[in-house]
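Working notes, structure below.
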Protein chains: 2
Amino acid sequence: MIRRLSQARERGIPEATVARLPLYLRALNGMAERGLATVSSEDLAVAAGVNSAKLRKDLSHLGSYGTRGVGYDVEYLIYQISRELGLTQDWAVAIVGVGNLGRALANYGGFVSRGFRVAALLDADPEVVGDHIAGLSVEHIDELEAVIRRRGVSIVVLATPAAAAQQVADRVIAAGVTSILNFAPVVLAVPEGVDIRKVDLSIELQILAFHEQRKTDRMTGGPAMAEEWPEAVDL
Amino acid sequence: MIRRLSQARERGIPEATVARLPLYLRALNGMAERGLATVSSEDLAVAAGVNSAKLRKDLSHLGSYGTRGVGYDVEYLIYQISRELGLTQDWAVAIVGVGNLGRALANYGGFVSRGFRVAALLDADPEVVGDHIAGLSVEHIDELEAVIRRRGVSIVVLATPAAAAQQVADRVIAAGVTSILNFAPVVLAVPEGVDIRKVDLSIELQILAFHEQRKTDRMTGGPAMAEEWPEAVDL
DNA sequence: CCCACTTTGTGCACCGGTTCACAAAGGGAC
DNA sequence: GTCCCTTTGTGAACCGGTGCACAAAGTGGG
Ligand SMILES: NC(=O)c1ccc[n+]([C@@H]2O[C@H](COP(=O)([O-])OP(=O)(O)OC[C@H]3O[C@@H](n4cnc5c(N)ncnc54)[C@H](O)[C@@H]3O)[C@@H](O)[C@H]2O)c1
Ligand SMILES: NC(=O)c1ccc[n+]([C@@H]2O[C@H](COP(=O)([O-])OP(=O)(O)OC[C@H]3O[C@@H](n4cnc5c(N)ncnc54)[C@H](O)[C@@H]3O)[C@@H](O)[C@H]2O)c1
């Protein structure tokens, strides 16, 4: 029986599933706070905003933790998902680039709570170095490698200007970090084995604008059916 | 010939393509600045960090703008992508919730440049209302509907605490907005026809942690092959 | 102990998206 | 005008992911 479970979990959870686990975890935490002991896939799916079959399939990748006819034990599922995501240990995060965004991130309490700890703030600007933010003193970028080593930093958040991001990423990777969350609007080139995730406000807005345009086009009849666009367009 | 193009563009660009167009646009802008007149799919693909076949297929959804044997005209392609994304008009954006994050966003110059204009800042805290940020005065949330109407706001950025997000979203949607960029860590329930995009720092970090754990597991031999997990785990 | 009811876990068909590989198209040299 | 070279645009195979639908498993009541 343990055999069957091991098989189910066979090295490798689909990427799409991994991306949803934090969502389930958040919904479950809400339920735990409200004192629910068990939850059905249907209810949890609604809370997480997904289809219940998808939810069950996702959870089945971790093992067989539900009880047919009953549902899932909330606390136990929280534990299993947390463990799968690696949230049972805590992760030291460094923020590089302490400007508008870097400060907001440093002051943000929301992620300190769940396994992540801001362990260092780094910046190149002598004006900024030494500032105290969220209980930390901003250190100089020259200290990067030393800080990463000393504090056991394993995840770096990049909040520098775009022009500096690649160069900082190179140093961070050379120092042994393999997980980077990048806010700078550049495509970072990184060696195999380094995970980059990017958050790009400007892209999100452009995607929204695209759909918004479609919606209003539809309203106003849109571009004519014939004569889709001008024969030639000068710039 | 126009017929064939119209057909290619037949109402509906794949979502995955839409999400990449801003990336191409950014790469193209860099090239235009460096004075390049034309670019091959291969070069542009490298700059955008994608496969060249994918890039060509993406662009083919907009029309047949390349020249075989030569490549794409940089300026013309910039224009076509901008137009497709709806960036030739400018979009009035309101930011609701002017705390740590809202301020960083308001001060951020990066997206004002490309078709987006921060037209209003709104907050519920009387302490914050009236503050001047990035040339705008923070207005009270009670003014929400009036401000949306008066300034022609069509995209709203939500940067309130999670607890307030749904309620603000409801009002914003009731006021006619159908495009929302949500930074609050909640699943928003919205009617059909409203586009929500979310940016969730905490989820990004959790995904990184998952992979980071896998990497270090691999190093240290990982969880034993047999006895995958304890028979029972108390909480 | 058995039956009716609930809910999980998953086989399977389907779908959007990716990638390969190549025919078709255009440019430039002579 | 012809030939060769480059590069696009796309057909087709493939792949990961989704959602339906249902058998299997477990619960609770009588
Ligand atoms: N502020 C936002 O809302 C926002 C939104 C989306 C994206 N971004 C992106 O995030 C990044 C930061 O934005 P911001 O508004 O905080 O910019 P900012 O200019 O306010 O801050 C950047 C900080 O990085 C520091 N820095 C510069 N070079 C450095 C280096 N080599 N090493 C270490 N630190 C260095 C600067 O001293 C500064 O403190 C930018 O790339 C921006 O495009 C910002
Ligand atoms: N700061 C970050 O780096 C960060 C990162 C990720 C996610 N977030 C999320 O973004 C949101 C904002 O974060 P923050 O750090 O800026 O929080 P914050 O508390 O600094 O700011 C929130 C602001 O929203 C205002 N507000 C509260 N209720 C409101 C309402 N009903 N209408 C209008 N305004 C209202 C508050 O007055 C406050 O000014 C939160 O949901 C947070 O979880 C923040």
Side-chain angles (χ1 to χ4, degrees), chain A residues 1-21 23-24 28 31 36-74 76-77 80-81 207 211, chain B residues 1-21 23-24 28 31 36-74 76-77 80-81 84 207:
Chain A
M1 185 230 202
I2 285 279
R3 274 274 63 89
R4 268 193 54 251
L5 296 181
S6 294
Q7 207 154 16
R9 195 183 168 235
E10 58 176 22
R11 297 290 119 225
I13 293 176
E15 197 53 36
T17 295
V18 173
R20 282 188 295 266
L21 290 180
L23 225 54
Y24 304 152
L28 285 165
M31 289 168 173
L36 267 79
T38 63
V39 64
S40 71
S41 63
E42 187 55 40
D43 290 352
L44 183 52
V46 168
V50 302
N51 172 306
S52 73
K54 181 151 53 179
L55 174 100
R56 288 197 297 278
K57 190 157 283 182
D58 283 344
L59 294 183
S60 79
H61 287 115
L62 316 189
S64 221
Y65 297 138
T67 307
R68 293 170 192 230
V70 177
Y72 300 87
D73 183 283
V74 171
Y76 188 56
L77 197 49
Q80 290 299 343
I81 295 178
I207 295 170
H211 292 295
Chain B
M1 182 230 203
I2 285 280
R3 275 272 66 88
R4 267 192 56 252
L5 296 180
S6 293
Q7 207 154 18
R9 197 184 168 238
E10 57 176 25
R11 296 290 119 224
I13 294 176
E15 196 52 37
T17 295
V18 173
R20 282 187 295 267
L21 291 179
L23 226 54
Y24 303 152
L28 285 165
M31 288 168 173
L36 268 78
T38 63
V39 64
S40 72
S41 63
E42 187 55 41
D43 290 352
L44 182 52
V46 168
V50 302
N51 171 307
S52 73
K54 179 151 54 181
L55 175 103
R56 287 197 298 277
K57 189 154 282 183
D58 283 344
L59 295 184
S60 78
H61 288 115
L62 316 189
S64 221
Y65 298 137
T67 307
R68 294 169 190 231
V70 176
Y72 301 88
D73 182 283
V74 172
Y76 188 58
L77 198 50
Q80 289 298 344
I81 295 178
E84 196 62 52
I207 295 171

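Every heavy atom of this structure was used, including side-chain atoms; hydrogens, water molecules and symmetry mates were not. Naming: A, B, ... by sequence-line order, numbering from 1 per chain.
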Interatomic distance where [atom1] belongs to [X] and [atom2] belongs to [N] [whole Å]:
X	N	atom1	atom2	value
B/L55	C/dG17	CG	P	16 Å
B/L62	D/dT10	CG	P	12 Å
B/I13	C/dT18	CD1	P	14 Å
A/L59	C/dG9	CG	P	8 Å
A/H61	C/dT10	NE2	P	9 Å

Does the side chain of [Y] come within less than 4.5 Å of [X]'s, by heavy atoms?
X	Y	value
B/V39	B/D73	no
A/V50	A/Y24	yes
A/L21	A/L62	yes
A/R20	A/K54	yes
B/Q80	B/Y72	no

Within less than 4.0 Å of OP1 or OP2 of [N], is there a side-chain N or O belonging to [X]?
X	N	value
A/S64	C/dG9	yes
A/S41	C/dT7	no
A/Y72	C/dT6	no

Apply side-chain contact (heavy atoms from CB on, under 4.5 Å) to the pair A/E42 and A/L55, showing each step before the final yes or no. CA-CA 8 Å; A/E42 187 55 40; A/L55 174 100; over 6 Å; no

With B for base contact, S for sugar-phosphate-only contact and - for none (protein heavy atoms under 4.0 Å), nucleotides 14-24 of chain D reads ---SSBBB--B

Which residue, A/G69 or B/G69, contacts DNA chain D at a nucleotide closer to its 5' end, judged by nearest heavy atom?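 The residue whose closest nucleotide sits nearer the 5' end is B/G69.
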
Of B/E42 and A/T67, whose nearest nucleotide on DNA chain D comes first from the 5' end?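 Looking at the nearest nucleotide for each, B/E42 comes out on the 5' side.
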
Polar pairs (N or O, both sides) under 3.5 Å between protein and nucleotides 28-30 of chain D?
none

Apply side-chain contact (heavy atoms from CB on, under 4.5 Å) to the pair B/I81 and B/L59, showing each step before the final yes or no. CA-CA 9 Å; B/I81 295 178; B/L59 295 184; 4.1 Å; yes

Sub-6.0 Å ring centroid separation between A/Y65 and A/Y76: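 So the answer is yes for these two rings.
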
Is there a side-chain contact (heavy atoms from CB on, under 4.5 Å) between B/D43 and B/L36? Walk through the geometry before answering. CA-CA 11 Å; B/D43 290 352; B/L36 268 78; 6.0 Å; no

